[in-house]
S.K.: 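This is the structure, below, for whatever I ask next.
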Amino acid sequence: MRTQCNPSRFISNSMQKVPPSGIRKFFDMASGSEDVISLGVGEPDYVTPWHIREACIHSIEHGETSYTSNYGLMELREEISRSYVKRHGVYYDPEEEILVTTGVSEALDLAIRAITNPGDEIIVVQPSYVAYVPSVIFAGGVPVTIGARGENDFKITAAEIEAAITNKTKAVIINYPNNPTGATIGKDELEAIADVIVEHDIMMISDDVYERLTYEGTHTCFSALEGMRDRTIMLNGFSKAYSMTGFRMAYAMAAPEIINSMMLIHQYSMLCAPITAQVGAIEALRNGEEEVGKMVREYDRRRKLIVGGLNDLGLDCFNPRGAFYAFPSIKSTGLTSDEFAERLLHEQNVVTIPGDIFGDTGAGYLRCAYAASREDIKEALDRIGTFVDGL
Amino acid sequence: MDEQTRNILEILEEDARIVPEEIAALTGMTVEEVNQKIEYLEKAKIIRQYKTVIDWELAGENYVYAIIELKVQLERKLGYQAIAERLYKFPEVRSVRLLSGEHDISITVRGNSMKQVAFFVAEKIATLDQVQSTATHFVLKTYKENGLILDEPDQVKRLAVSP
């Protein structure tokens, strides 16, 4: 008689090191509730602009349903290259320095796997997107988290990065404008960080997916800083700027050796990004500027509405200059982030995400996505007000 | 155009009933600044009027709309202006536009029945001295009006929390 199988015995050690995303709990709780106002969605509330959808439909109608190059359509890589020259004055060769991926999530995974040996340390600046730490663990690396603090408007300093560097450090991951805080970082501060990166001979992985959603000041592209082009893996995508989350369209840009290594993994796992989505991305880059402008202006209005509203409720909220998240402090209420978010959902049907899910320095804060209609934001503010008054 | 002006115009174009306090909250301006800016925009006739887009069909009023294309005879010195003025004074005429191409002018007429519109065109428009010919197209359904989709707006079906 054969013995019974215990499948969990076969799960790899690295999988067991990764806890489930804290967001999942709120996803499950919100799924069962009625009349929910959600500030929990890190996703634009616009349907992808029609001209982009139309380009995809046209492409399918004309039978464009094949594989593409592993790197992605050359036409798309050329457009991406042009857009970076235009916006940041930094050139990437479409032939060998750009890789089209299925979402920034894949690009991030490839970037980390391409450079990480077992035991290598990757510094993750938090609060940050929840995928960074697990991606490092999956690659056999050791995530070293450092916290950007509210007192410093959630900007990390060069000194804080330097303090975390050891002889095992391979790279740093930053994300500005930041999810979940909405923080941006200035050119001078990035220059100082670049000095540290060079001095310790490590790399930078810069997740710029919220780049186009910068409301105050100008976004500085890390690889455009002097000497940083070949020390940086730039990650960017179409989800946020062009409201194309479901298309899973993104790209990585780096030195040919890095991109080639990333492409090898991509080649054997994903093969290539879907052609229809790539056609949509070409259309977005060629003709999407007007729509981006409109969406950004509207997000900016909502930003002012929600930040002003939260401050009026006594929930101290620093001024987020990018992305579409407000990150108010709820420390004055005496509740933890988790208690606040959970009770707010149960008592007022408003979904927010506890800040500590994104890192320790997010404790005492709440992520409120304002990619929601103005009516929903106003209603959510009313309900949060009622909740806070009742504490 | 400066950012503040564009902001106010876009907000008002979307919702003419929005109050200055709310515009202030959306733009980061003070209520006083918003009021001053709107007053200037009204005086400069950049804001021409505050109107409402109504779906009369849904309200049960079965208005009939027709687009009438006209070929016209130009008047010396006055050009198209004189005929345009004659046309836009009729209350039935909702819009008057000068066109390039086969026809010279397009007007939109609203009436209570097809018969009424047909008689209006035959008796009031076609008989004008400058009008050489007319082509009447009755509107069967309006899907989009002034940038607003009347039929069915795009709706985002999003999860309450991103997975």
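Computed over heavy atoms, backbone and side chain alike; hydrogens, waters and symmetry mates excluded. Note on naming: letters A, B, ... go to the chains in the order of the sequence lines (proteins, then strands), and numbering restarts at 1 for each one.
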S.K.: Around atom CZ of A:Arg87, are there more than 12 heavy atoms of other residues, nucleotides or ligands at under 6.0 Å?
M.R.: yes

S.K.: Taking atom CG as the centre, does B:Asp129 end up with more than 12 heavy-atom neighbours from other residues, nucleotides or ligands that are less than 6.0 angstrom away?
M.R.: no

S.K.: Taking atom CD as the centre, does B:Glu21 end up with more than 12 heavy-atom neighbours from other residues, nucleotides or ligands that are less than 6.0 angstrom away?
M.R.: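 Yes, because the 6.0 Å sphere around CD of B:Glu21 holds more than 12 heavy atoms from other groups.
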
S.K.: With chain A as the partner chain, list the residues of residues 43-56 of chain B whose heavy atoms fall under 4.5 Å from it, by residue number, and write 'none' if nothing qualifies.
M.R.: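 Hits under 4.5 Å: none found.
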
S.K.: Take atom NZ in B:Lys144; do more than 12 heavy atoms of anything else shown fall under 6.0 Å from it?
M.R.: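 No, NZ of B:Lys144 has 12 or fewer neighbouring heavy atoms, counting only those of other groups under 6.0 Å.
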
S.K.: Counting only non-hydrogen atoms closer than 4.5 Å, can you tell me which residues of residues 337-353 of chain A sit against chain B?
M.R.: A:Val351, A:Ile353

S.K.: Taking only residues two or more places apart in sequence, or in another chain, which ones meet B:Tyr88 in a ring-ring contact (aromatic ring centres under 6.0 Å, His included)?
M.R.: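 ring-ring contact (aromatic ring centres under 6.0 Å, His included) check on B:Tyr88 returns nothing, list empty.
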
S.K.: If you apply the rule salt bridge (Lys or Arg N to Asp or Glu O under 4.0 Å), what do you find for A:Arg374 with B:Glu22, and how did you get there?
M.R.: CA-CA 10 Å; A:Arg374 284 186 219 157; B:Glu22 210 167 311; 5.5 Å; no

S.K.: Among A:Glu298, A:Arg301, A:Lys304, A:Arg297, find the residue that satisfies the side-chain hydrogen bond (donor to acceptor under 3.5 Å, both in side chains) test when tested with B:Asn7.
M.R.: A:Arg301

S.K.: Is B:Phe90 atom CZ crowded by more than 12 heavy atoms from other residues, nucleotides or ligands, each under 6.0 Å away?
M.R.: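 Enclosed: over 12 neighbouring heavy atoms sit under 6.0 Å from CZ of B:Phe90.
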
S.K.: Would you please go through residues 100-128 of chain B and name the residues with a non-hydrogen atom below 4.5 Å from one of chain A, in numerical order?
M.R.: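 Counting heavy atoms that sit under 4.5 Å from chain A, no residue of residues 100-128 of chain B is involved.
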
S.K.: Could you measure the distance from the CG atom of A:Leu305 to the OG1 atom of B:Thr27? Nearest 0.5 Å is fine.
M.R.: 10.5 Å

S.K.: Answer yes or no: does atom CD of B:Glu57 have more than 12 heavy-atom neighbours from other residues, nucleotides or ligands under 6.0 Å?
M.R.: no

S.K.: Would you say B:His137 has more than 12 foreign heavy atoms packed within less than 6.0 Å of its NE2?
M.R.: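 Check passes, neighbour count above 12.
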
S.K.: Any chance CZ of B:Arg86 has more than 12 other-residue heavy atoms, nucleotides or ligands included, within less than 6.0 Å?
M.R.: no

